[in-house]
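Every chain is numbered from 1 and lettered A, B, ... according to where its sequence line falls, protein lines coming before strand lines. Everything quoted here is computed from the prediction, not taken from an experiment. Only this structure's heavy atoms are used, side chains among them; waters, hydrogens and symmetry mates stay out.
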Amino acid sequence: MKQSKYFIPTLKEAPSDALIPSHILMLRAGLVRQLASGIFSFLPLGYKIKKKVIEILRREMDAIGGQEFLLPALNPIDIWEQTGRVEAMGDVMFHIKNREGLVLAPTHEEIITYHARQHVKSYRDMPQIWYQIQNKFRNEPRPKSGVLRGRQFTMKDSYSLDATFEGLNESYEFHRTAYQKIFDSIGLKYFIVSASSGAMGGRQSEEFMVESDSGEDTCAVCDDCGYAANFEIATSDVEPVGRIQSDDHYEEFATPNAKTINELIVQFNLTEDQCAKSVVYIVDSAPVLIFMRGNDEMNETKLQSIFKTNQVRPAEADELVKYFGASTGSLGPINIPTKIKVIADLRLKDANGLVSGANKDGYHFKNIDFIRDCNINEYHDLRTVSAGEKCSKCGSALRVVKAIELGHIFKLGTKYSEALGAHFLDAAGAEHPIIMGSYGIGVERIIACYIEQNYDDHGIIWKKALTPFQVHLIGLNFTKSPETAEVSERIYKRLTDAGWEVLFDDRTDSPGIKFNDADLIGIPVQIICGPKNISQGKVEVKIRHNNERSTVDEAEIELILSEFYK
RNA sequence: CGGGGCGUAGCACAGUCCGGUCAGCGCGCCUGCUUUGGGAGCAGGAGGCCGCAGGUUCAAAUCCUGCCGCCCCGACCA
C-alpha cells in the first residue's frame with residue numbers, strides 16, 4: 001500500500017477530548033474518529049487492525065468447534081419480554097421509536113435460545129458452540145475513555161448448548177483456554193478473576209482483566225500466589241472479632257457527639273473490633289439491618305448475590321426513623337421497634353462485648369453479645385477487602401487495582417432456555433431445559449488495552465499479531481534522488497510480491513514528518529531508504545520497539561523480516 | 001440522572017468578567033521558489049452564521065433565557 005494514496009490522517013496534537021493514552025493515540029495515528037458520544041468510525045488503518053483482532057478471534061473459536069452465526073441487531077421486543085430482560089436492561093436497551101416492537105440488541109442470549117428452541121430437540125444435537133462477531137448497541141448513560149465504553153461496539157459473543165452440566169463445564173473450559181490463547185497471541189498482559197454472577201443467577205463466572213487506571217472494575221490480586229478476584233466477590237484473611245471473657249449485661253450510655261465509628265472510638269476509648277456498625281438497606285422494598293465490624297465497608301454486590309436481586313439501595317433518613325425510631329449513628333440490634341431482617345458480616349459471627357446503637361438518638365449500648373442479646377438471622381461474607389489485607393490463599397498482602405474487563409465467561413445454566421421453553425429430550429425420553437453458557441470479548445477493548453500496554457513518547461508499538469502492516473518502507477528525498485525512488489519502488493514490489501504486507505511511504509514530505517508518522521503508527525519494522533545508504537547498496541532497518549537500527553544490504557531484507565516474523 | 005467544565009477555521013487555543021477597536025494566533029491546508037536523515041525557509045493565498053434559537057441594546061463571540069452537543073467526577077453497567 002502506497003501511503004501517498006492511503007488515508008491516514010495523523011495528528012500532531014491530541015484532540016482535547018482525549019485524555020487516556022489509547023484514546024489519544026488512536027486519534028493521532030488516524031485509526032478512528034469520533035462521530036458522537038460513544039460512537040466511533042474506524043478509518044482504514046484502524047479497521048485493518050480490527051480485522052486482525054477478528055481473525056484471531058475467529059481462528060480460536062473455530063478451533064474449539066465454534067460455528068459462526070450472524071444474528072440480527074434488530075430484534076423483536078417480545079422475545080426480550082419473555083425473559084424479563086426488557087425490564088432488567090431498562091434504559092440500556094435502545095428502543096426503535098417509529099416501528100413498534102423492535103429493539104436494538106445489547107447482547108444475544110435470547111436470539112440464540114430462540115434458534116436453539118427451534119431445532120435443538122435431542123441430547124444428540126449437543127454440544128453446540130455458536131458464536132458471532134457483531135455490533136452491539138447499549139445506551140450507556142455515560143460513554144467514556146474513547147472506545148473503551150461506547151454505545152455501539154463490536155463483540156465476539158458465543159454461547160454453548162449442552163445436555164448436561166458436565167458438558168457445560170467442558171464447553172466453559174474450552175472457552176477459557178481459547179480466551180487465554182487469544183490474549184496470549186496478541187501479547188496482552190492480563191489476569192483472570194472470579195466474578196460475580198450477581199442477580200443473573202448463573203453458576204460460575206470469570207473475567208479476563210487488564211490492569212489499568214482507566215479501568216472501571218476493581219480487583220484484588222495477589223502477586224505471590226496468583227489469586228485474583230473482582231472486588232464484588234473478593235475475600236481476604238481477616239481476624240474474626242470473636243468472644244471475650246465477660247458476662248456483663250448490655251448497658252446504655254450517652255453518646256451525644258458520636259455518630260460515626262471513628263468518633264465512638266476516639267471519645268470512648270474503644271477499638272474497631274468492639275464496634276458493630278449498623279447499615280440499613282432496602283432489599284426488594286423490605287428493610288434489612290446489616291452489621292459490619294468497625295469501619296469495614298459493606299459490599300453491595302455481595303448483598304445482591306445473597307438476596308438474589310439487584311433491587312438494593314441504602315435506606316433513606318426518613319425510612320430509618322420509620323423503622324428504628326432513631327437516625328443514622330444510633331441504630332443497633334437491640335430494641336428494634338419493627339420486625340426486620342438482621343444479618344451480619346462473618347467477621348462478627350457470635351461476637352460479644354460489642355458497642356452498637358441503642359435505637360435512641362444519642363445513645364449506644366455496650367457489652368452486647370450477639371448470641372445472648374440479639375437475633376442475628378444470618379451471617380454472610382459482606383465486607384469489601386482493602387489493599388494490604390492478607391491473601392486468604394497464601395497470606396501475602398493483596399493489591400487492589402483498577403482493571404478493564406476484556407472478556408467474560410459465564411455458566412448461564414437454564415435461565416434462558418427455561419424462560420423461552422428451549423427443551424430437549426434425554427436418552428430416557430425425559431424433557432429438560434438446554435444448559436447454556438455465554439462468553440464475550442470486546443473487540444475495541446482489545447485494541448485499546450493493547451495500546452495502553454504498548455506505547456512510548458513517539459506513538460504506538462505494534463507486535464506482529466495486530467500490526468496493520470508488517471513492514472513500513474520509508475523512502476526519503478525522492479525529488480532530489482530519483483535513484484532512491486527507483487530502489488524503494490523495487491523493494492516495495494519485491495516484498496509485496498513475496499506476500500509481505502507493506503506500507504510504503506512514498507510521499508514527498510520531509511524526512512522528519514515521515515519518521516514521526518512512522519513511529520506514531522508503530523509498525524514493528526521500518527525499512528528506511530535514503531540516498532546515502534542507497535549509494536552503498538544498503539538500506540537501514542529500524543525495529544520500532546527497541547529502536548535498534550542496522551544498515552543492511554538490500555538483499556538481506558527478506559531474511560530479516562522472516563526472522564522477525566517467524 | 002446529580003455535580004463540574006467546555007463549545008470561536010481540520011487540530012490546539014486567545015478574546016467573553018468590563019458590549020463597539022474583533023474575526024485573531026500557532027499548527028495543518030493551497031500556489032510558487034528554495035529545501036530534504038527526526039514535524040524546513042521565504043512569499044502569496046483559501047478557509048468562520050464565534051454550537052442553535054430567542055431576547056436586551058443604536059450595537060452582541062462578549063449580557064440574559066431556553067435548547068443542543070462534547071468531556072470529566074459520581075450514580076448506573078446482562
Side-chain angles (χ1 to χ4, degrees), chain A residues 9-20 23-24 27-28 30 33-39 80 83-93 105-110 136-146 148-151 153 155 157 159 195-202 205 207 214-217 230 232 300-301 304 310-314 404-405 408 410 412 415-416 419 436 438-440 442 457-459 474-481 484-485 505 507-520 526 528-534 539-540 542 547 549 551:
Chain A
T10 57
L11 299 171
K12 205 190 262 188
E13 286 179 284
S16 54
D17 281 350
L19 299 176
I20 65 170
H23 190 194
I24 292 170
L27 291 169
R28 286 195 54 215
R33 285 295 179 265
Q34 180 167 334
L35 186 61
S37 184
I39 305 174
W80 289 85
T83 56
R85 285 177 107 195
V86 174
E87 205 191 351
M89 290 278 176
D91 276 343
V92 171
M93 187 181 265
T107 172
H108 278 88
E109 280 84 3
E110 276 77 358
K136 299 284 186 260
F137 297 86
R138 294 185 192 179
N139 186 20
E140 292 291 345
R142 183 153 92 82
K144 56 178 288 198
S145 306
L148 279 177
R149 176 169 289 275
R151 294 203 165 116
F153 59 96
M155 189 177 204
D157 48 322
Y159 307 88
S196 168
S197 41
M200 285 294 293
S205 136
E207 292 164 327
S214 309
E216 298 178 84
D217 285 87
N230 196 303
E232 296 169 345
E300 281 193 21
T301 312
Q304 290 178 6
N310 57 7
Q311 299 298 306
V312 151
R313 62 169 176 85
I404 299 165
E405 181 188 340
H408 196 165
F410 199 151
L412 279 179
K415 177 186 161 85
Y416 296 93
M436 298 177 62
S438 102
Y439 318 88
D457 291 345
H458 300 282
I474 302 163
L476 262 26
N477 201 2
F478 286 180
T479 28
K480 259 281 178 61
S481 165
T484 312
D505 192 347
R507 298 174 300 170
T508 51
D509 296 276
S510 72
I513 290 177
K514 295 183 165 201
F515 292 142
N516 281 304
D517 271 353
D519 286 351
L520 177 59
Q526 298 175 11
I528 301 158
C529 276
K532 285 175 199 164
N533 285 321
I534 288 293
V539 296
E540 182 179 328
K542 174 179 153 181
N547 204 27
R549 294 154 187 276
T551 309

Over how many whole Å does the gap from [X] atom [atom1] to [N] atom [atom2] extend?
{"X": "I39(A)", "N": "C71(B)", "atom1": "CD1", "atom2": "C1'", "value": "15 Å"}
{"X": "K480(A)", "N": "G37(B)", "atom1": "NZ", "atom2": "C1'", "value": "14 Å"}
{"X": "L476(A)", "N": "G39(B)", "atom1": "CG", "atom2": "C1'", "value": "13 Å"}
{"X": "I24(A)", "N": "A12(B)", "atom1": "CD1", "atom2": "P", "value": "11 Å"}
{"X": "M155(A)", "N": "C77(B)", "atom1": "CE", "atom2": "C1'", "value": "12 Å"}
{"X": "D457(A)", "N": "G39(B)", "atom1": "CG", "atom2": "C1'", "value": "15 Å"}
{"X": "R313(A)", "N": "C76(B)", "atom1": "CZ", "atom2": "P", "value": "13 Å"}
{"X": "K144(A)", "N": "C71(B)", "atom1": "NZ", "atom2": "P", "value": "12 Å"}

Practice item. Check each of K12(A), R507(A), R28(A) against D517(A) using the salt bridge (charged side-chain N to carboxylate O under 4.0 Å, His left out) test, and report the only one that passes. Key: R507(A)
For [X], answer base if it contacts any base atom (sugar-phosphate contacts may also be present), sugar-phosphate if it contacts only those atoms, and nothing otherwise; contact means non-hydrogen atoms under 4.0 Å.
{"X": "P141(A)", "value": "base"}
{"X": "T479(A)", "value": "base"}
{"X": "M93(A)", "value": "nothing"}
{"X": "D517(A)", "value": "base"}
{"X": "A14(A)", "value": "sugar-phosphate"}
{"X": "R28(A)", "value": "base"}
{"X": "S145(A)", "value": "sugar-phosphate"}
{"X": "K514(A)", "value": "nothing"}
{"X": "Q34(A)", "value": "sugar-phosphate"}
{"X": "N516(A)", "value": "base"}
{"X": "K542(A)", "value": "base"}
{"X": "P314(A)", "value": "nothing"}
{"X": "R549(A)", "value": "base"}

Nucleotide forming a Watson-Crick or wobble pair with [N], both distances under 3.5 Å:
{"N": "U35(B)", "value": "none"}
{"N": "G24(B)", "value": "C13(B)"}
{"N": "G7(B)", "value": "C68(B)"}
{"N": "A59(B)", "value": "none"}
{"N": "C29(B)", "value": "G45(B)"}
{"N": "G2(B)", "value": "C73(B)"}

[X] side chain: which of [options] is closest?
{"X": "E216(A)", "options": "G37(B), C76(B), G38(B)", "value": "C76(B)"}
{"X": "A36(A)", "options": "C76(B), C70(B), G37(B)", "value": "C70(B)"}
{"X": "P15(A)", "options": "C71(B), U36(B), C11(B)", "value": "C11(B)"}
{"X": "K532(A)", "options": "C70(B), A12(B), G37(B)", "value": "G37(B)"}

Exercise for review: Determine: side-chain N/O of S16(A) to OP1/OP2 of C6(B), distance under 4.0 Å, yes or no.
Suggested key: no
If we ignore hydrogens and angles and just use 3.5 Å, is the side chain of [X] paired with the main-chain N or O of [Y] as donor and acceptor?
{"X": "T83(A)", "Y": "W80(A)", "result": "yes"}
{"X": "K514(A)", "Y": "D505(A)", "result": "yes"}
{"X": "R151(A)", "Y": "E140(A)", "result": "yes"}

When you compare [N] with [M], how far apart are their [atom1] atoms, in angstrom units rounded to a whole number?
{"N": "C1(B)", "M": "G39(B)", "atom1": "P", "result": "49 Å"}
{"N": "C13(B)", "M": "C50(B)", "atom1": "C1'", "result": "14 Å"}
{"N": "C52(B)", "M": "G69(B)", "atom1": "C1'", "result": "10 Å"}
{"N": "U62(B)", "M": "G19(B)", "atom1": "C1'", "result": "6 Å"}
{"N": "A12(B)", "M": "G7(B)", "atom1": "P", "result": "12 Å"}
{"N": "C18(B)", "M": "G54(B)", "atom1": "C1'", "result": "25 Å"}
{"N": "C6(B)", "M": "C42(B)", "atom1": "C1'", "result": "38 Å"}
{"N": "G4(B)", "M": "C77(B)", "atom1": "C1'", "result": "22 Å"}

Exercise for review: First locate atom CD1 of I404(A), then atom CG of D217(A), and finally report the distance between them rounded to the nearest 0.5 Å.
Suggested key: 9.5 Å
**Study point:** Atom pair NE2 (H458(A)) and CG (N516(A)), whose distance is rounded to the nearest 0.5 Å
**Key:** 8.0 Å
Point to revise | Short side-chain donor-acceptor distance under 3.5 Å, H408(A) and S205(A) | key: yes
Exercise for review: Compare all side-chain heavy atoms of N477(A) with those of P511(A) and state whether any distance is below 4.5 angstrom.
Suggested key: no
Point to revise | Pairwise side-chain contact, R33(A) with L27(A), heavy-atom cut-off 4.5 Å (strictly under) | key: yes
Revision key, fill the gap. Smallest heavy-atom separation, G38(A) atom then Q34(A) atom, equals N-NE2, 4.3 Å
Review point. So, for L148(A) and S214(A), which heavy atoms are closest and what is the spacing to 0.1 Å?
Key: CD1-CB, 4.3 Å
Check your understanding: What residues form a salt bridge (Lys or Arg N to Asp or Glu O under 4.0 Å) with E207(A), not counting sequence neighbours?
Key -> none
Quick one: does [X] reach the base of [N] with a side-chain donor-acceptor pair under 3.5 Å?
{"X": "N477(A)", "N": "G37(B)", "value": "no"}
{"X": "S510(A)", "N": "U35(B)", "value": "no"}
{"X": "R142(A)", "N": "C72(B)", "value": "no"}

Exercise for review: Report the residue (R138(A) or L19(A)) whose heavy-atom-nearest nucleotide on RNA chain B is the more 5′ of the two.
Suggested key: L19(A)
Check your understanding: When the nearest nucleotide of RNA chain B is assigned to A18(A) and to I534(A) on a heavy-atom basis, which residue is associated with the more 5' position?
Key -> I534(A)
Pull out every protein N or O sitting under 3.5 Å from an N or O of nucleotides 23-34 of chain B, one pair per line with the distance.
| from | atom 1 | to | atom 2 | distance (Å) |
| --- | --- | --- | --- | --- |
| G26(B) | N2 | E13(A) | OE1 | 3.1 |

